[in-house]
2 protein chains.
Amino acid sequence: MREFKRLTPYREALRMMLEDIEEIPDVEEVPLDRALGRVLAEDVVSPIDSPPFNRAAVDGYAVRAEDTFPAREYNPVELRVIDEVPAGGESKTKVEPGTAVKLLTGAKIPEGANAVLMQEMAEREGNIIKVLRPVAPGQNVAMKGEDVRKGQAVLKKGQVLRPQDLAILKSIGFKSVMAKRKPRVGIIVTGSELIEEYDEEALNHGKILESNSIMLKGLVKQYFGEPVFYGVFPDDPEEIGAIIERAKKENDLVLVTGGSAFGDMDFAHRFVKLLFHGTTIRPGRPIGYGERTFVMSGYPVAVFAQFHLYVKHALAKLVGARNYEVRVKARLTDRVPSQLGRAEFVKVWYEDGKARPIKKKGSGIISSLVESNGYILIPEDSEGYLEGEEVEVVLY
Amino acid sequence: MREFKRLTPYREALRMMLEDIEEIPDVEEVPLDRALGRVLAEDVVSPIDSPPFNRAAVDGYAVRAEDTFPAREYNPVELRVIDEVPAGGESKTKVEPGTAVKLLTGAKIPEGANAVLMQEMAEREGNIIKVLRPVAPGQNVAMKGEDVRKGQAVLKKGQVLRPQDLAILKSIGFKSVMAKRKPRVGIIVTGSELIEEYDEEALNHGKILESNSIMLKGLVKQYFGEPVFYGVFPDDPEEIGAIIERAKKENDLVLVTGGSAFGDMDFAHRFVKLLFHGTTIRPGRPIGYGERTFVMSGYPVAVFAQFHLYVKHALAKLVGARNYEVRVKARLTDRVPSQLGRAEFVKVWYEDGKARPIKKKGSGIISSLVESNGYILIPEDSEGYLEGEEVEVVLY
């Protein structure tokens with residue numbers, strides 16, 4: 001019986017693969033408008049304080065707080081308004097004892113002042129305001145640098161950029177950002193039984209619609225990559241060998257589906273010097289990796305598991321991404337058995353703190369993926385989990 | 001003191017807004033290759049069984065299971081191989097008692113056969129195989145329709161399409177899918193103190209770099225929309241009135257930042273017939289909504305909160321999206337106080353089942369958003385949560 005001589009434990013295989021993959025050095029300047037989801041290639045240090053000056057947090061009067069300390073409702077302090085700042089403007093006037101400058105939310109606090117009296121708290125008559133209550137130093141003032149200080153690292157290399165990250169970059173003067181080049185990921189689908197377009201006649205005579213390509217293209221896009229689809233190839237060793245050779249040259253990573261096991265027509269693995277071939281994961285056991293190439297299963301569910309357990313991490317390593325996975329704690333609604341010696345990839349539906357295992361089995365059952373939104377991984381040394389047990393779910 | 005006459009409770013404001021917004025009727029045909037993240041406009045019913053026929057799950061021999069029942073290692077059953085199916089081919093031969101057909105993984109099971117004997121389990125000599133152990137009916141067979149049955153709804157209207165959803169669509173013969181048109185979202189930023197590009201001179205004299213536009217553009221893209229940015233406008237009632245009028249005509253939704261409070265230069269809300277103005281949320285209290293237009297704060301943190309608490313749900317309603325939010329259970333690492341009567345939007349860092357509240361306060365502190373990956377919402381009738389209490393975190 002031809003079989004894998006040894007199944008490499010999942011963690012060991014993952015480690016070997018990640019050690020083999022090197023972060024790509026290429027960076028590119030990306031305008032902020034196109035940087036959503038891109039991966040930061042370097043730490044970003046702020047060239048300025050933000051806000052760049054002490055700002056009024058409300059509409060009102062810039063004052064010296066000390067002047068208002070004696071103010072009481074029965075004994076108001078009177079201040080003289082010596083300037084009024086228009087919207088978006090600035091006062092060049094210094095606030096001397098006994099004076100105030102009227103300003104709007106967001107305006108720069110003029111020299112001499114250290115607090116803002118809310119407009120609603122002042123009674124104004126001509127150029128005089130009556131202050132009824134004291135204000136504390138710093139009150140209603142957004143301090144210079146309180147969001148970001150000059151020289152501070154606001155974002156770290158490897159950050160997958162979110163809308164708020166783009167906002168902070170813009171607020172400190174960036175128009176573009178240095179991001180990692182998107183890794184090119186070649187996708188090769190093999191199998192003589194596969195067709196790409198609906199054909200009733202063919203489906204009646206042994207052909208199957210292939211779905212790995214669209215799934216892998218979507219997954220690669222989700223995880224920082226640029227998919228390059230080479231097409232569907234029949235089980236012809238020469239043709240497959242040639243296309244793998246070409247894809248290795250043209251891409252940062254190559255994914256080949258089908259031909260990873262030891263059947264008569266499984267030979268994709270002959271064209272790659274594999275670091276490992278066959279691991280303890282299920283589904284997805286017959287995965288091989290070497291030379292930046294993954295030789296994957298033909299079955300969609302196995303391919304999906306192999307992507308999440310290996311390829312996703314390879315892509316993250318290529319770009320140095322940090323925040324690319326959402327892991328949550330959950331209680332199992334049912335027990336999940338697992339075979340000792342196998343690392344079981346169990347699809348679940350996570351909701352409301354609970355993880356419901358998807359019962360449908362079978363590497364070809366795509367609907368089991370559709371009905372799930374995450375997975376748990378049961379390690380080799382476990383016989384599974386009990387109902388109600390706490391587990392870690394990786395969401396997808 | 002000019003103030004809101006009444007703060008509308010968050011849930012009430014949300015309900016009023018959602019009642020006012022109608023799902024857009026427009027659908028468009030989108031090729032699967034471009035459908036990732038799009039929202040399904042109708043239920044998808046499978047036109048075929050998938051797999052379309054009983055398939056071999058392994059390389060081996062299609063047999064009549066009954067023939068193998070007497071097989072024992074010391075008393076093998078002999079079967080005659082009457083056909084060999086090439087890769088991707090089909091056998092027209094009927095498996096009669098005492099015969100078998102050799103086939104590869106994925107091949108159609110020929111008539112007469114009801115199980116597949118794994119290649120490794122058969123000893124072959126010429127045209128004869130020796131069966132050493134019985135196989136059960138259905139063994140190593142992927143049954144016709146076991147993934148999807150003809151006529152079954154595989155995906156429901158409102159599904160935000162993921163890679164595995166695209167895979168199932170392709171596996172049942174779809175090349176494209178009917179998706180909701182992306183809602184156009186007009187974005188108008190107001191404030192005379194705002195500049196769009198770094199200018200040291202201007203920053204030294206009271207100007208501030210605006211960051212709401214890039215943040216809102218990113219958020220709109222994340223939640224199914226197509227942002228249309230109209231620019232930054234000074235606090236000029238005429239100009240702001242005109243651009244809001246135009247944006248209302250050209251978009252499904254309009255977002256105006258700045259000018260939502262009651263300061264001297266806050267007048268965006270004069271140009272919209274508001275259903276509510278001022279709600280119990282904090283930060284982000286001075287939000288107004290009417291005529292498919294949100295009049296939002298000027299401060300980035302308030303804008304971010306208002307987007308997640310209101311605008312996100314408006315966008316989801318416009319396209320009828322279902323699976324657009326990730327809510328997880330977590331334990332608080334610290335207590336979070338909250339004022340009675342206020343619905344508090346508390347930014348947290350979620351990790352490993354725990355939510356750590358971000359202490360930095362202030363509606364202008366964008367770094368507090370950068371340091372967070374989700375929020376909890378403390379309702380109006382709560383004074384906050386204790387350390388260790390279980391809360392629901394919405395991830396972003």
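Quick note on labels: first sequence line is chain A, next is B, and so on, each numbered from 1. This one's a predicted model, so the numbers in the text were calculated from it and none came from an experiment.
Between chain B and the options A/Arg55, A/Gln222, A/Glu146, the largest number of non-hydrogen pairs under 4.5 Å is found for A/Arg55. When A/Gln159, A/Lys329, A/Lys170 are compared by the number of non-hydrogen pairs under 4.5 Å with chain B, A/Lys170 comes out ahead. When each of A/Ser211, A/Gly89, A/Ala142 is scored by its heavy-atom pairs under 4.5 Å with chain B, the top score falls to A/Ser211. Among A/Gly206, A/Ser213, A/Gly218, the residue with the largest count of heavy-atom pairs under 4.5 Å with chain B is A/Gly206. Ranked by heavy-atom pairs shorter than 4.5 Å toward chain A, the options B/Val328, B/Leu166, B/Leu36 are led by B/Val328. Highest contact tally toward chain B, considering only A/Glu390, A/Lys108, A/Glu193, A/His205, is held by A/His205 [criterion: heavy-atom pairs under 4.5 Å]. For the options B/Asp33, B/Ile48, B/Val58, B/Asp199, heavy-atom pairs under 4.5 Å to chain A are most numerous at B/Asp33. In terms of heavy-atom pairs under 4.5 Å with chain B, the best-connected choice from A/Lys92, A/Gln164, A/Arg162 is A/Gln164. Taking chain A as the reference chain and counting heavy-atom pairs below 4.5 Å, the highest number among B/Leu155, B/Ile195, B/Leu219, B/Val326 is found for B/Leu219.
With a 4.5 angstrom heavy-atom cutoff, B/Lys207 touches chain A via backbone and side-chain atoms both. Interface residue B/Ala57: backbone and side-chain heavy atoms are both found under 4.5 Å from chain A. Residue B/Leu194: no heavy atom, backbone or side chain, is found under 4.5 Å from chain A. Contact annotation for B/Val301: neither backbone nor side-chain heavy atoms come within less than 4.5 Å of a heavy atom of chain A. Neither the backbone nor the side chain of B/Phe307 comes within contact range of chain A; no heavy atom of the residue lies under 4.5 Å from a heavy atom of that chain. Heavy-atom distances place the side chain of B/Tyr350, and not its backbone, under 4.5 Å from chain A. For B/Lys221, the part lying under 4.5 angstrom from a heavy atom of chain A is the side chain only. Only the side chain of B/Leu395 comes within less than 4.5 Å of a heavy atom of chain A; its backbone N, CA, C and O stay farther away. Looking at B/Asp352, both its backbone and its side chain come within 4.5 Å of chain A, counting heavy atoms on both sides. For a residue to count as touching a neighbouring chain, one of its non-hydrogen atoms must lie under 4.5 Å from one of that chain's; by this rule B/Val154 touches chain A with the backbone only. In this structure, chain A has heavy atoms under 4.5 Å from both the backbone and the side chain of B/Leu32. In this structure, chain A has a heavy atom under 4.5 Å from the backbone of B/Ala56, while its side chain stays farther away. If you measure heavy-atom distances from B/Glu392 to chain A, the contacts under 4.5 Å come from the side chain alone. Neither the backbone nor the side chain of B/Ser50 comes within contact range of chain A, judged by heavy atoms closer than 4.5 Å.
B/Glu196 and B/Val232 get closest at one heavy-atom pair: CG-CG2, 3.5 Å. Closest heavy-atom contact between A/Ile208 and B/Pro52: CD1-CD, 3.4 Å. Between A/Val160 and A/Asn323, the shortest heavy-atom contact is N-OD1, 2.8 Å. Contact record, B/Leu103 with B/Pro110: CD2-CD, 3.8 Å, taken as the closest heavy-atom pair.
In this structure, B/Glu210 contributes its side chain and B/Asn212 its backbone to a donor-acceptor pair below 3.5 Å.
Under the 4.5 Å side-chain criterion, counting only non-hydrogen atoms from C-beta, A/Lys312 is in contact with A/Glu325. Under the 4.5 Å side-chain criterion, counting only non-hydrogen atoms from C-beta, A/Ser297 is in contact with A/Pro286.
Not counting sequence neighbours, the partners of B/Asn204 by the side chain to side chain contact (heavy atoms under 4.5 Å, CB included) test are B/Glu200. The salt bridge (Lys or Arg N to Asp or Glu O under 4.0 Å) test applied to B/Lys175 returns A/Glu197, not counting sequence neighbours.
Residue A/Lys144 qualifies as open at atom NZ: its count of foreign heavy atoms under 6.0 Å is 12 or below. Residue A/Arg322 places its CZ atom among more than 12 non-hydrogen atoms of other residues, nucleotides or ligands, all under 6.0 Å distant.
Interatomic distance, CD1 of B/Ile168 versus OG of A/Ser367, reported as 5.0 Å (0.5 Å rounding).
In this structure, B/Tyr198 has its ring center no closer than 6.0 Å to that of A/Phe174.
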